[in-house]
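So that the names make sense, note that chain A is the first sequence line, chain B the second, and so on, each numbered from 1. Every heavy atom of this structure was used, including side-chain atoms; hydrogens, water molecules and symmetry mates were not.
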Amino acid sequence: MSGRSTFYVTTPIYYVNDVPHIGHAYATLACDVMARFKRLDGYDVHFLTGTDEHGQKVEKAAAAAGLTPQAFTDKVSQSFRDLLGAMNFSPDGFIRTTEKRHYAACQALWDKLVAAGDIYLGKYAGWYSVRDEAFYADSETEVGTDGKRRAGPVGNEVEWVEEPSYFFKLSTWGDRLLEFYDKNPRFIAPETRRNEVISFVKGGLQDLSVSRTSFSWGVPVPGDPKHIMYVWLDALTNYITECGYPDIKNPLWRFWPADLHIVGKDIIRFHCVFWPAFLMAAGVAPPQRVFASGWWTTEGQKISKSLGNAIDPIAVAAEFGLDPVRYFLLREVPFGNDGDFQRRALIGRLNADLANAYGNLCQRVLSIVAKNCEGKIPPKGTLIDADAMLLGRAKGLLAIVRADIEEQAFHRALASIWEVIADANRYVDAQAPWALAKTDPARRDTVLWVLAESIRRVTLLVQPFMPGSAGKMLDQLAVPAESRAFTAFDSELAAGTLLPKPQGVFPRFVEPTAAAG
RNA sequence: GGGCCCGUAGUUCAGUGGUUAGAACGAGCCGCUCAUAACGGUUAUGUCGCAGGUUCGAAUCCUGCCGGGCCUACCA
């Protein structure tokens, strides 16, 4: 036991019926920044991602591809693994719902729910459209002039279908859920999602059908293997499977309850209503917080398969560099809002914030040091008010960023960091170290030290967002690997440390001119 | 139909009762020259969606309307 505080963050597990796109990269990126920040801040971190591999759609997609479901999911799951390396994500675990340990966890949870009296065998009946492969509520159907009952977006014919099904007594959980939301105001974010969920629960809950007999690709219900568990009960359980459930002696069990589930806004209900109800029913603590991220559009248009305008995060990173894309995604849009992915805006951020403000600040400071101080960190000397002012801003940044990270306000954290970068650029101009080089070398040294030290602090905080680039920047300041965690935030650069030759980290992006000939 | 959120400079947004409504990007002008033609200073632009109301005072609260988005359960 380390005694350190734990921090457990998860992505949604990704459904293997889709190839990775910007939405997957975005949610995982947010988790990655959380995980990296918390690791640097001294926490014992576990960051989980993975793939959701069961369900009728997968079974059919596999058949269409001429593969067994297992072979099919092996293949698609791998494409999600490949995204991790390409985006420099740092998960500690990767779970697949087809793993044995997951079957064991799901079945153990099921047994608990049965023992608690929250699951019963009933009949699932409703209007079913064979075309849509979906059930419709009575109110969603209409009897046409031809006497046939229809439903759905295109009005396909429906028929009355009944099948045996196990039900979870969700209807009895409304009050306990509302009480839980009330006592845990941070449980659902952002606020608008919290309101939606609460109003949904207040509207009354119905029992939830949690098994299917119409297909077989899933986790069998214990003692009644004709039934397959409802995919969401199966999928949600992954978060505790990882921690060893039901074996609470498992060392990873120390991470439960999760500190943060980051999810897309489309699956907020499953995480904020069903999931805490299942867990409370089974006597397991619910997670502490669920944050719903928004959707990306591209150049003002919805992303859709028919338009073929999906954003491939790996291709974008190949063109602009990985870290600029990571920065853009989290800086451009307040986390939780929908965002529009505009090429022009990305280039604007890359050039204005990264190349001009931050990259050039480092470059101008380091090149003066290289030319005037024998390439070594100069002595600190005596500080004047202007020096203390800039250093104070840089010092204060850790507390500000930490608070923003706690709220998943990544855009605000970055804005605060960049304010100090702007301060530093103003300071360079005001102090004009290139002029001091001729008149007052000691003062010049102090100015350069203050700048290098401010850049060090800023860059320590940039690490979670742009780990590769921040690493290069810290290399240039000769900050050793063991001095890059936040425990070293309040240490200072030591005079006399030899620096490597300065090198640009964020080149400006220049739009390639139309090919000549 | 019911519910939630939003509508503020060319653009993205901040500002949730109190002096002449702010920032960034973009644009113009000036300065600097260490630096990735980067940096700094400065100027300009808004009937704060519309109309009423509450208040000594409203972008900020209330009502209505207009416009946009989302939720309204069992395909993930």
Open item on the list: Can a donor-acceptor pair be found, under 3.5 Å and without considering hydrogens, that links the side chain of W173(A) to the backbone of F278(A)?
Closed with: no
TODO: Report the nucleotide, chosen from A35(B), C74(B), C75(B), that has the shortest atom-to-atom distance to any side-chain atom of K57(A).
DONE: C75(B)
Task: P-based separation of G52(B) from C13(B) [nearest Å] - done: 29 Å
TODO: Check every atom of A73(B), C75(B), C34(B) against the side chain of V231(A) and return the nucleotide holding the closest atom.
DONE: C75(B)
- [ ] Please name all residues satisfying ring-ring contact (aromatic ring centres under 6.0 Å, His included) with Y103(A), sequence neighbours left out, ordered by chain then number.
- [x] H54(A)
- [ ] For nucleotides G46(B) and G1(B), find the distance between their P atoms and express it as a whole number of Å.
- [x] 38 Å
Open item on the list: Categorize R444(A) for me: base, sugar-phosphate, or nothing, with a 4.0 angstrom heavy-atom threshold over every strand shown.
Closed with: nothing
- [ ] Return the value, rounded to whole Å, for the distance between atom CG of L451(A) and atom C1' of G40(B).
- [x] 14 Å
Task: Backbone N/O of A235(A) and side chain of T97(A): donor-acceptor pair under 3.5 Å - done: no
Open item on the list: Base, sugar-phosphate or nothing for F270(A)? Non-hydrogen atoms, less than 4.0 Å.
Closed with: sugar-phosphate
TODO: Scan T192(A) against the nucleic acid and name what it touches under 4.0 Å (heavy atoms): base, sugar-phosphate only, or nothing.
DONE: sugar-phosphate
Task: Atom P, compared across G49(B) and U12(B): separation rounded to whole Å - done: 15 Å
Task: Gap in Å between the two P atoms, one belonging to A58(B) and one to A51(B), rounded - done: 15 Å
Task: G10(B) and U72(B), which share atom name C1', separated by this distance in whole Å - done: 38 Å
Task: Closest nucleotide among C34(B), G3(B), A73(B) to the E196(A) side chain - done: G3(B)
Open item on the list: Using the side-chain heavy atoms of R269(A), tell me which of these nucleotides is nearest: U72(B), C74(B), U36(B).
Closed with: U72(B)
Task: Electrostatic pair D423(A)-R426(A), nearest N-O below 4.0 angstrom - done: yes
Open item on the list: Show me, range against range, the stems involving RNA chain B, built from at least 3 consecutive Watson-Crick or G-U pairs below 3.5 Å.
Closed with: B:1-7 with B:66-72, B:10-13 with B:22-25, B:27-31 with B:39-43, B:49-53 with B:61-65
Open item on the list: I want to confirm an ordering. Mapping S367(A) and F274(A) to their closest nucleotides on RNA chain B, which one lands closer to the 5' end?
Closed with: S367(A)
Open item on the list: Please classify the nucleic acid contact of G336(A) as base, sugar-phosphate, or nothing, using heavy-atom distances under 4.0 Å.
Closed with: nothing
Task: ring pair (Phe, Tyr, Trp, His ring centres under 6.0 Å) contacts touching residues 357-380 of chain A (sequence neighbours left out) - done: Y358(A)-W418(A), Y358(A)-F506(A)
TODO: Please state the C1' separation for the pair U63(B) and C25(B) - nearest whole angstrom.
DONE: 38 Å
Task: Flag, side chain of W449(A) to backbone of L493(A), donor-acceptor distance under 3.5 Å - done: yes
- [ ] Before accepting this row, confirm whether a basic side-chain N of the pair R269(A)/E196(A) lies closer than 4.0 Å to the acidic partner's carboxylate O.
- [x] no
TODO: Using the ring pair (Phe, Tyr, Trp, His ring centres under 6.0 Å) rule, take F335(A) and Y26(A) through it: C-alpha gap first, then chi angles, then the decisive distance, then the call.
DONE: CA-CA 10 Å; F335(A) 195 59; Y26(A) 185 51; 5.4 Å; yes
Task: Pairing of D445(A) and K376(A) as salt bridge, 4.0 angstrom limit - done: no
Task: Residues that Y124(A) engages under ring-ring contact (aromatic ring centres under 6.0 Å, His included), provided they are two or more places apart - done: F135(A)
Task: Rounded C1' spacing from U11(B) to A27(B) in Å - done: 12 Å
Task: Pair R212(A), Q56(A): side-chain N/O donor-acceptor within cut-off below 3.5 Å - done: no
TODO: Assign R426(A) to base, sugar-phosphate, or nothing according to its heavy-atom contacts below 4.0 angstrom with the strands shown.
DONE: sugar-phosphate
Open item on the list: Categorize Y14(A) for me: base, sugar-phosphate, or nothing, with a 4.0 angstrom heavy-atom threshold over every strand shown.
Closed with: nothing
N/O-N/O pairs, protein side and nucleotides 25-32 of chain B side, under 3.5 Å:
none

TODO: Assign V505(A) to base, sugar-phosphate, or nothing according to its heavy-atom contacts below 4.0 angstrom with the strands shown.
DONE: base
- [ ] Take the protein atom OH of Y230(A) and the nucleotide atom P of A73(B), then report the distance between them rounded to whole Å.
- [x] 12 Å
Open item on the list: Classify I268(A) by what it touches in the nucleic acid, base, sugar-phosphate, or nothing, heavy-atom distance under 4.0 Å.
Closed with: nothing
- [ ] Determine: side-chain N/O of K371(A) to OP1/OP2 of A35(B), distance under 4.0 Å, yes or no.
- [x] yes
Distances under 3.5 Å between nitrogen or oxygen atoms of protein and nucleotides 12-14 of chain B:
none

Task: Sugar-phosphate only, base, or nothing, as touched by L170(A) at under 4.0 Å among non-hydrogen atoms - done: base
Open item on the list: Is N372(A) close enough to C34(B) that one of its side-chain N or O atoms is under 4.0 Å from OP1 or OP2 there?
Closed with: no
Task: Under-4.0 Å salt bridge between R364(A) and D429(A) - done: yes
Task: side-chain contact (heavy atoms from CB on, under 4.5 Å), paired with P324(A), selected from L350(A), N351(A), D353(A) - done: L350(A)
Open item on the list: Rounded to whole Å, how long is the line connecting atom CE of M473(A) with atom C1' of U36(B)?
Closed with: 11 Å
- [ ] May I ask you to say what I368(A) touches in the nucleic acid, namely base, sugar-phosphate or nothing, with a heavy-atom cut-off under 4.0 Å?
- [x] base
Open item on the list: Suppose we call two aromatic rings close when their centres sit under 6.0 Å apart. Are Y166(A) and Y230(A) close by that rule?
Closed with: no
TODO: Using the P atom as the reference point in each nucleotide, state the distance between G7(B) and A59(B) in Å, no decimals.
DONE: 15 Å
Task: Any R193(A) side-chain N or O less than 4.0 Å from OP1/OP2 of C70(B) - done: no
Open item on the list: For a quick check of understanding: with a heavy-atom distance under 4.0 Å over all strands, which category does A235(A) fall into, base, sugar-phosphate or nothing?
Closed with: nothing
